[in-house]
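The figures that follow rest on heavy atoms only: side chains count, while hydrogens, waters and symmetry mates do not. Chain letters run A, B, ... following the sequence lines, proteins first and then strands; every chain starts at 1.
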Amino acid sequence: MAAKKITTPLTDEVVKSLRAGDAVEITGVIYQARDAAHKRLVALIEAGEALPFELQGAVVYYMGPSPAKPGNPIGSAGPTTSGRMDAYAPLLMKHGLKGMIGKGLRTAEVKQAMVDETAVYFAATGGAGALLAQRITGNEVIAWPELGAEAVARLDVVDFPAIVVNDCHGGDLYEEGRAKYAREA
Amino acid sequence: MGAIRELDVREVTAAVQELCITANYDLPVDVYEALKKAQGEEESPVGAEVLGQLIENADIAARDRVPICQDTGLAVFFVDLGQDVHLVGGDFAAAVNEGVRQGYLDGYLRKSAAEEPAHARRNTKDNTPAIVHTSIVPGDKVQITMMAKGGGAENMSSLNMLKPSQGWAGMSQAVVDTVSRAGSNPCPPVVIGVGIGGTIDMVTVLAKKALLREIGSVHPDPRIAEMEAELLARINALGIGPQGLGGRTTALAVFIEEMPCHIASMPMAVNVQCHAQRHTSVTL
């Protein structure tokens, strides 16, 4: 499959060009954030305070790495289940978040927010953490180091492989892919 | 009766340390071969691509000595303790936990245990406590099996207290429904462990123990082997596919363990395991 090469931050124009089922390779900066970090990001927005990174055009990666071995920027770094971030994702999209990388199903509310706010959800291959780590060239914790693997980190990625699951036009690869290959047992 | 054999628990700690690391770096051969077979048979181009990534990932992890997946799991152990073994030199449970502590530190494995789950959810920072299931068996050996159990797939598991009248039809439907509901969440292709019978505690242990079977092995009871084949065919007809992106490979295997139960009960548990089915054993 030929992958579309895209760079971050994402513009509306790029987001609109992506369709469910497209393979992409992402280059640029993405932000690592999972459960505990999302809770804190949303609390900051609700309190009207500044976030630790610019949300406009940003891509977040739902991921908590294993510890880096000496000489490596990061340990194994595959996606975690995105559904646990569903409670927080619509507000972040409202404030400029354009892309999410994770794995697993999203709620109808999150999918609608992607349509309303022009955002996109990518799946990276869950359980391919050793392979995905090779596409991460830089890793700097920028907020809440006390959260350990749940801290927010700024990651530099080069040709990071992912697949568009939910696009901003309502496309859903999890539904379409499954329907295509379902058979009578 | 055999002579009593002394075993120092420091040997247990050293063995557990190594089990934690090798389980997380080296995908078992049967799982690796099952992924390769699935890659050759997968009809979906995206599914085949994903399976290729998983094979490459296993190669990288084994070569570079890094974890297959960043979720290096809660450390689950099945211990078969020979009744002619006398454990000396300390507390057995503490020795296992010390091995986990050392293994997760030395192996650069992620610490994923949270204490006070209902409120504080503080990381215990050393991946303890381990989950330990011990059976006392004949002999003077100790067999320790370590399973690194990730959270994403565990979360998709189910316990079903069915009515006896529902029979196999109700039971098999509940297994398929569990996998169907889970969709892409548990990192398919999955391995499914099914426990049937016992009580609510025992049925879940049966389901987890079932996951230790070798992929490709056939259950010695032909009746159960047939049930497993039926479930695998129905699950792979769902179309979920590798990573839920659509395809024919939703599960690599279904394994069933059963035992008698109360005349009023029909407990059934489904333990969902991601494709990174990490487990390894040692005999001391």
**Request:** Please state whether the side chain, the backbone, both or neither of A:Gln134 comes within less than 4.5 Å of a heavy atom of chain B.
**Result:** side chain
**Side chain / backbone / both / neither for A:Ala68 at chain B, heavy atoms under 4.5 Å** = backbone
**Item:** Toward chain A, the part of B:Arg63 with a non-hydrogen atom under 4.5 Å
**Value:** side chain
**Message:** What verdict does the side-chain hydrogen bond (donor to acceptor under 3.5 Å, both in side chains) test give for A:Arg154 and A:Gln32, after you've listed the backbone C-alpha separation in whole Å, the side-chain angles of each residue and the deciding distance to 0.1 Å?
**Reply:** CA-CA 6 Å; A:Arg154 182 183 191 278; A:Gln32 164 195 314; over 6 Å; no
**Item:** Residue B:Ala61 versus chain A: region with a heavy atom under 4.5 Å
**Value:** both
**Prompt:** For B:Ala182, is it the side chain, the backbone, both or neither that has a heavy atom under 4.5 Å from a heavy atom of chain A?
**Reply:** backbone
**Request:** Output, in order, the C-alpha distance, side-chain angles, deciding distance and verdict of side-chain hydrogen bond (donor to acceptor under 3.5 Å, both in side chains) for A:Arg178 and B:Ser180.
**Result:** CA-CA 10 Å; A:Arg178 183 171 173 169; B:Ser180 179; 2.6 Å; yes
**Request:** Check A:Asp22, A:Ile26, A:Val120, A:Val59 against A:Ile6 for a side-chain contact (heavy atoms from CB on, under 4.5 Å) and give me the one that passes.
**Result:** A:Ile26
**Prompt:** A:Gly102, A:Gly129, A:Gly127, A:Ala77: which one forms the most heavy-atom pairs within less than 4.5 Å of chain B?
**Reply:** A:Gly127
**Message:** If the test is side-chain contact (heavy atoms from CB on, under 4.5 Å), which one of A:Ile163, A:Leu18, A:Asp167 qualifies with A:Phe122?
**Reply:** A:Leu18
**Prompt:** Hey, are the side chains of B:Asn24 and B:Tyr104 touching, using non-hydrogen atoms and a 4.5 Å cut-off?
**Reply:** yes
**Request:** Among the options B:Ala276, B:Gly47, B:Pro67, pick out the one with the most heavy-atom pairs lying under 4.5 Å from chain A.
**Result:** B:Pro67
**Prompt:** For the candidates A:Thr81, A:Leu132, A:Asn72, A:Leu147, which exhibits the highest count of non-hydrogen atom pairs separated by less than 4.5 Å from chain B?
**Reply:** A:Thr81
**Fill in**
Applied to residues 36-48 of chain A, the salt bridge (Lys or Arg N to Asp or Glu O under 4.0 Å) test, sequence neighbours excluded, yields A:Arg40-A:Glu146
**Request:** Counting only heavy atoms closer than 4.5 Å, note whether A:Lys180 contacts chain B via side chain, backbone, both or neither.
**Result:** neither
**Asked** Who pairs with B:Ser157 by side chain to side chain contact (heavy atoms under 4.5 Å, CB included), at least two apart in sequence or on another chain?
**Response** B:Glu154, B:Asn271, B:Val272
**Prompt:** Which bit of B:Arg121 is near chain A, if near means a heavy-atom gap under 4.5 Å: side chain, backbone, both or neither?
**Reply:** neither
**Request:** Measure distances from A:Ala149 to the heavy atoms of chain B and classify the residue's part below 4.5 Å as side chain, backbone, both or neither.
**Result:** side chain
**Complete:** Applying side chain to side chain contact (heavy atoms under 4.5 Å, CB included) to A:Ala50 and not counting sequence neighbours gives none
**Request:** Evaluate the ring planes of A:Tyr88 and A:His38, with Trp represented by its six-membered ring, and classify them as parallel (under 30°), tilted (30 to 60°) or perpendicular (over 60°).
**Result:** tilted
**Prompt:** Yes or no on side chain to side chain contact (heavy atoms under 4.5 Å, CB included) for A:Lys98 and A:Met93, after CA distance, side-chain angles and deciding distance?
**Reply:** CA-CA 6 Å; A:Lys98 287 290 159 195; A:Met93 282 186 260; over 6 Å; no
**Prompt:** Where does A:Thr125 contact chain B at under 4.5 Å (heavy atoms): side chain, backbone, both or neither?
**Reply:** both
**Message:** So if I take each residue of residues 107-119 of chain B and look for any heavy atom under 4.5 Å from a heavy atom in chain A, which residues do I end up with?
**Reply:** B:Tyr108, B:Leu109, B:Arg110, B:Lys111
**Asked** Which residue out of B:Glu56, B:Gln53, B:Glu230 racks up the most heavy-atom pairs below 4.5 Å with chain A?
**Response** B:Gln53
**Request:** State, yes or no, whether a side-chain contact exists between A:Thr27 and A:Phe160 at a heavy-atom distance under 4.5 Å.
**Result:** no
**Prompt:** Given that the side chain runs from C-beta out, which part of B:Asp64 has a heavy atom under 4.5 Å from chain A: side chain, backbone, both or neither?
**Reply:** both
**Asked** Any Lys/Arg nitrogen of B:Glu43 or B:Arg248 sitting under 4.0 Å from an Asp/Glu carboxylate oxygen of the other?
**Response** yes
**Asked** Picking from B:Pro188, B:Ser44, B:Cys274, B:Gly183, which has the most non-hydrogen pairs under 4.5 angstrom with chain A?
**Response** B:Ser44
**Asked** Hey, mind stepping through B:Asp59 and B:Tyr32 against side-chain hydrogen bond (donor to acceptor under 3.5 Å, both in side chains) and telling me if it holds?
**Response** CA-CA 9 Å; B:Asp59 291 338; B:Tyr32 187 83; 2.7 Å; yes
